[in-house]
Amino acid sequence: MRPSDVSTLRTRPTPAGEQPPVPYTRRTMAAQDLVVTRFAPSPTGHLHIGGARSALFCWAFAARARLDGRDGRFMIRIEDTDQARSSEESARGILDDLAWLGITWEDGPVLKSTPASGDANQETRTIGGDSRGVGPYFQAQRVAIYNAYVESLVKAGRAYPAFETTEELEARRKAAVAAKQTYRYERPADVQPGVFNEARWSRALAGERHVVRFVAPPGDIVVHDSILGDVRIAPGELDDLVIRKADGFPTYHFAVVIDDELMGVTHVLRAQEHLANTPRHVAMQQALVRLPEHTGGRSGVPFRTPVYGHMPVICNMDGSKMSKRDKAKIARKFLRDAIDVIQKGAKQPLIPHLQKITGMSRDQLFRAIVAVLDVQQDPVRTTSIDDRLSQLLMFEIGDSDSIEVASAIAEYFAISLPEIEIWDFRKSGYLPEVIINFIALLGWNPGMKDAAGKDVEKFDLPFIAEHFSLDRVGKSSAKFDRAKLLSFNGDAIAAMPDDEFVRRWRQWLSDYEPAALARLDSLGESTLKTLAPAVKPRAKTLRDTLKPIAFALATDEGYQFDTAALEKNLKANGGAGAALVREFRGVLAALATWDAPAVHTALEEFAKSKGFVTEKGVNVGPVAQPLRVAIAGVAVSPPLGESLAVLGKQSTLARIDRCLLAL
RNA sequence: GGCCCCGUCGUCUAGCCUGGUCCAGGACACCACCCUUUCACGGUGGUGACGAGGGUUCGAAUCCCUCCGGGGUCACCA
């Protein structure tokens, strides 16, 4: 049976063999009322959709605890222990993405940000802080703490310096794989569990290059998981893992254990990909004791094991784990498909073929492509052509999954890469509240029915906070269904009041399509407002809005006439359509008021006067379609009332004249 | 490959713990029809699943076992 989160928290079971928790300051003060969850991203890129979901569930758990009258806190910690890949810019980006989604944290890095909707009208606010005094929240600033605990473990004989080189270990690993055996690090013969190895420690202190490894315990490790139930790991499955790297930084596993304890984390909710690591974390918790400086001077206070909950992984539709690498995969596939197609068409291999027509060497060809990428990606040319070239080659042969190269290829060839990171979805015009709603549904559902007996599946952050509980988190991985996300987003756009839509549409256009916004504003200050009711039902995303308004984005001279549309609507039947448009032009020219209802009325009356009436009423089609082609160039556009209103009388007449002339 | 987790329509899922009300409900997608000045929106209806095989039971999607399938993980990355 899976314990509910509430009962787990109130009566946390003490498994056999585990020390009962020893009270110390924080515990006696706050007792079991303190609930601390955390999201701990590595600042090596943008916020991933799966990371966002982890953050959301942690946020929701803490928020729910608060609603239940407890001291629920959601905390952010930046795991920047990978010196080579971490960046402050990335950390800032992740925090921004969370704030954009509307996820806020009580404890953690401080961020000044605009709230959920990205709505410029609302005030900026500050998120984060250190009210419990357990920071800093960047692990790179906590190295001294990790070192103190490493030393305590070494002195207790529960860890030891190891001096093998990376090459040595790699060779052993290869040998094991070649012999079809599972590789495990073999503990050196001179290391005795529980005995301080002074000789090794001295070598380390003397400056010899080393890592520190944790002595894996001999017995079973049982992880109590409030989502999955108990997970038991047999002895011998765990080898002596590295807890401090040669550069002096802790590994993820070690830093996590130290920080979760010191920062008072009570509930660790994360993706199932971490499940296999959890026994290691538990083993370390059982070996570690708080240093006196972290317990107000008392000694002998053991680390506790938080409540764990491992949630399902988010997968692509093909079942593989959704990963940033998917972008590279798509871009690479495109490159190869393109090469295939060209090869088939040209009936000869692409590279030699191109070499033949350009007279370039293979290297020069790649240089040419790279030069284009270089200009687009790196206008100031901070990287050399050679660097770019080698990047692209690496990418092409599959040895590199660089998102930058993938993006450059996508931009150059105008293909679209799948949205994987929150930033991608934002750029594509998804609404933050929809993303929240949708990712909440990936692995969790409120299990409620509405009045009509249908599943409740449209909800917002406050609803999630109110209803979230671990026993409704699923166990099986979920495929990320983009079609359903799109549908939800379209529903949200359609349901928005016009003025709100206009505000958020404007914001998005200004962020991602400023030229389009400038053009629309040049048509009149209420253009967006006029367009709103016509655009909303036609756009699933904010980027989608650009399609139905393409006619307005083009200048009066700038749009093309589709010949088939011209033929069918204007020229057919001896130019009947053209004649109607010519006649209706006069009506329009005489129109005193120029807005959507007025245009629409004029259209109907004109149609009626022409006798286009059926038993169902006036049929404006015979006039509307030719007119549509005249002003838009194609047979598809939003309703003509709004369309003409936005263009204005002058442009409308000019477009009609241009069309008539083009026949 | 070792270890671990998971398995209800194509997809997300309700139902499973507390067997019968389930010849399995909802949503997205798909199909048909209706509405309609185009494209959309909307409305109505439809196709569609308990992975397989054994048990237990009067009765199993629900409990047990085996098999099969999928995923995760095996770094001085987090």
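Below, chains carry the letters A, B, ... as their sequence lines are ordered, and counting in each starts from 1. Computed from heavy atoms alone, side chains included, the values below leave out hydrogens, waters and symmetry copies.
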Find the partner of [N]: check Watson-Crick (N1-N3 plus N6-O4 or O6-N4) and G-U wobble (N1-O2, O6-N3) distances, both under 3.5 Å, and reply none if neither fits.
N      : result
C68(B) : G7(B)
G2(B)  : U73(B)
A78(B) : none
U56(B) : none
U36(B) : none
G48(B) : none

[atom1] gap between [N] and [M], integer Å:
N      : M      : atom1 : result
G19(B) : A61(B) : P     : 14 Å
G25(B) : G46(B) : P     : 11 Å
U8(B)  : G70(B) : P     : 14 Å
A52(B) : G7(B)  : P     : 15 Å
G71(B) : C30(B) : C1'   : 27 Å
C16(B) : C50(B) : C1'   : 11 Å
C33(B) : G69(B) : P     : 42 Å
A49(B) : C22(B) : C1'   : 13 Å

May I ask you to say what [X] touches in the nucleic acid, namely base, sugar-phosphate or nothing, with a heavy-atom cut-off under 4.0 Å?
X         : result
Ala478(A) : sugar-phosphate
Gly490(A) : nothing
Pro548(A) : nothing
Glu457(A) : base
Arg77(A)  : nothing
Asn619(A) : sugar-phosphate
Ser637(A) : base
Val211(A) : base
Ala483(A) : sugar-phosphate
Arg244(A) : nothing
Glu164(A) : base
Thr81(A)  : sugar-phosphate
Lys540(A) : sugar-phosphate
Ala624(A) : base

Interatomic distance, [X] [atom1] vs [N] [atom2] [rounded to whole Å]:
X         : N      : atom1 : atom2 : answer
Leu228(A) : U73(B) : CG    : P     : 15 Å
His274(A) : A78(B) : NE2   : P     : 11 Å
Glu170(A) : C74(B) : CD    : P     : 14 Å
Asn489(A) : C41(B) : CG    : C1'   : 16 Å
Leu627(A) : U37(B) : CG    : P     : 15 Å
Leu442(A) : C12(B) : CG    : C1'   : 7 Å
Tyr185(A) : C76(B) : OH    : C1'   : 12 Å
Arg538(A) : G42(B) : CZ    : C1'   : 12 Å

Measure from NZ or CZ of [X] to the centre of the six-membered ring of [Y], then state whether that distance is under 6.0 Å and the direction lies within 45° of the axis.
X         : Y         : answer
Lys484(A) : Phe438(A) : no
Arg213(A) : Tyr185(A) : yes
Arg53(A)  : Phe57(A)  : yes

Output yes when at least one side-chain N/O atom of [X] is less than 4.0 Å from OP1 or OP2 of [N], else no.
X         : N      : result
Lys458(A) : C28(B) : no
Arg172(A) : A75(B) : no
Asn445(A) : A14(B) : yes
Arg472(A) : G15(B) : yes
Arg213(A) : C76(B) : yes

Among A78(B), G42(B), U37(B), which nucleotide has an atom closest to any side-chain atom of Arg628(A)?
U37(B)
Taking the side chain of Lys479(A) as its heavy atoms from C-beta onward, which of A78(B), C12(B), U37(B) lies nearest to it?
C12(B)
Mind checking side-chain hydrogen bond (donor to acceptor under 3.5 Å, both in side chains) for Asp260(A) and listing every partner two or more places apart, or none if nothing turns up?
Arg38(A), Arg77(A)
Between His310(A) and His274(A), is the gap from one ring center to the other below 6.0 Å?
no
Donor-acceptor pair (no angle test) under 3.5 Å: Lys484(A) side chain, C12(B) base:
yes
Considering only heavy atoms and no angle criterion, is a donor-acceptor pair shorter than 3.5 Å present between the side chain of Asp455(A) and the base of G25(B)?
yes
CD/Glu421(A) to NZ/Lys327(A) distance, rounded to the nearest 0.5 angstrom?
4.0 Å
Do Ile233(A) and Asp220(A) come close enough that some side-chain heavy atom pair is under 4.5 Å?
no
Looking at Arg172(A) and Glu168(A), is there a salt bridge between them, counting it only when a charged N and a carboxylate O are closer than 4.0 Å?
yes
Take atom NZ of Lys568(A) as the centre, draw a 6.0 Å sphere, and report whether it contains more than 12 heavy atoms from other residues, nucleotides or ligands.
no
